[in-house]
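Heads up: the structure comes next, in structure tokens.
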Number of protein chains: 2
Amino acid sequence: MGASKTEHFTDEQNAIATLSKALGHPARVAIMEYLIKVDTCICGDIVNKLPLAQPTVSQHLKELKNAGLIKGSIEGNAICYCIDEKELTKLQSYFANISDKLEKKKSNCC
Amino acid sequence: MGASKTEHFTDEQNAIATLSKALGHPARVAIMEYLIKVDTCICGDIVNKLPLAQPTVSQHLKELKNAGLIKGSIEGNAICYCIDEKELTKLQSYFANISDKLEKKKSNCC
DNA sequence: TAATTATATTGCAATATTACGATAAAGATT
DNA sequence: AATCTTTATCGTAATATTGCAATATAATTA
């Protein structure tokens, strides 16, 4: 059908999937990396850095914002975007936890 | 147009996006978690665990395999899937690195 | 070798994503 | 107030994803 059956999975599984999906496009990875690198983070700078049209970048920013990975604040005429660390930390600790489990298991299945 | 302009981004950005995208569906997150939890990992078990039809699960397994996150080996009649740690480690260290950078920066932008 | 079991593939419908031109909205500047 | 600058939204086309029934493939067993 095209729509995920999210209701059948745990909240954590859905949360991790949502965050991962938000980073599932190179432009959005590039935006995150840019925001981490610079401290000034005006939307127009991001548009200039990326090889995409302004509406497309705006859409990608919206998706990152919806996922909670970035936040934006009005800066006069412009909008200042920056990383929202909370969700990123969630992802980071999730993967750290998984790696830890695998490390301990020393899986020899396949 | 609908197709990502992957050629404009770095290899690492594309790699992280591909891995993230593969985990961008709760069913695939659930599959990964199941494979981490159990040591026996026959495809049929996964199908039974998930609230999805067999062809759908097969498709999700294929995507995880294409991304390099799991590998499968023929086990007589059945197929044994398990985690391929290499790519997962790549993701884990990527996020660890990002978190580290943010930690050091103590960003006070927004 | 026929039937069974396990998994993959095909085909298709429903929906989502990606991209961008045109345009709107809102503050800044003249 | 008219214009400029900056960002968001709308509309739309191209493509991708999700899901499953039907079917194919391949090893196993009777």
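Just so we're on the same page: letters track the sequence lines, and every chain starts at 1.
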Please check the phosphate of [N] (OP1 and OP2 only) for any side-chain N or O of [X] closer than 4.0 Å.
X	N	answer
A/Thr56	C/dA19	no
A/His60	C/dA19	yes
B/Tyr81	C/dA6	no
A/Lys21	C/dT17	yes

* **Stepwise side chain to side chain contact (heavy atoms under 4.5 Å, CB included) check, A/Lys71 with A/Cys82** => CA-CA 6 Å; A/Lys71 55 192 170 183; A/Cys82 62; 4.0 Å; yes

Rounded off to whole Å, could you give me the [atom1]-to-[atom2] distance for the [X] and [N] pair?
X	N	atom1	atom2	value
A/Leu52	C/dT18	CG	P	11 Å
B/Ile79	C/dT9	CD1	P	9 Å
B/Leu61	C/dA6	CG	C1'	13 Å
A/Asn66	C/dT18	CG	C1'	16 Å
A/Lys62	C/dC20	NZ	C1'	15 Å
B/Leu23	D/dT17	CG	C1'	16 Å
A/Glu63	D/dT7	CD	P	19 Å
A/Leu50	D/dT7	CG	C1'	15 Å

* List the protein contact pattern of nucleotides 23-30 of chain C with one symbol per nucleotide (5' to 3'): B for base contact, S for sugar-phosphate-only contact, - for none; contact means a heavy-atom distance under 4.0 Å. => ----BS--

* Which of the following nucleotides, D/dT7, C/dT18, C/dT9, is nearest to the side chain of A/Arg28? -> C/dT18

* Nucleotide nearest A/Pro55 when distance is taken to its side chain, options C/dA8, C/dC20, C/dA19 -> C/dC20

Would you give me the side-chain donor-acceptor pairs under 3.5 Å for residues 91-100 of chain A, sequence neighbours excluded?
residue	atom	partner	partner atom	Å
A/Ser93	OG	A/Thr89	O	3.1
A/Ser93	OG	A/Lys90	O	3.2
A/Tyr94	OH	B/Glu33	OE2	2.5
A/Ser99	OG	A/Phe95	O	3.2
A/Asp100	OD2	A/Lys104	NZ	3.1

Name all residues meeting the side chain to side chain contact (heavy atoms under 4.5 Å, CB included) criterion together with [X]; count only those two or more places apart in sequence or in a different chain, and write none if there are none.
X	result
A/Ala17	B/Pro26, B/Val29
B/Ile79	B/Tyr81
B/Lys49	B/Tyr34
A/Thr56	A/Leu52, A/Ala53, A/His60

* Is the shortest heavy-atom distance from the side chain of A/Leu102 to the side chain of B/Leu88 under 4.5 Å? -> yes

* Asked: Starting at the 5' end of DNA chain C, which residue's closest nucleotide do you reach first, A/Gly24 or B/Cys43?
  -> B/Cys43

* Could you tell me whether A/Gln59 contacts a base, only the sugar-phosphate backbone, or nothing, with contacts defined as non-hydrogen atoms closer than 4.0 Å? => base

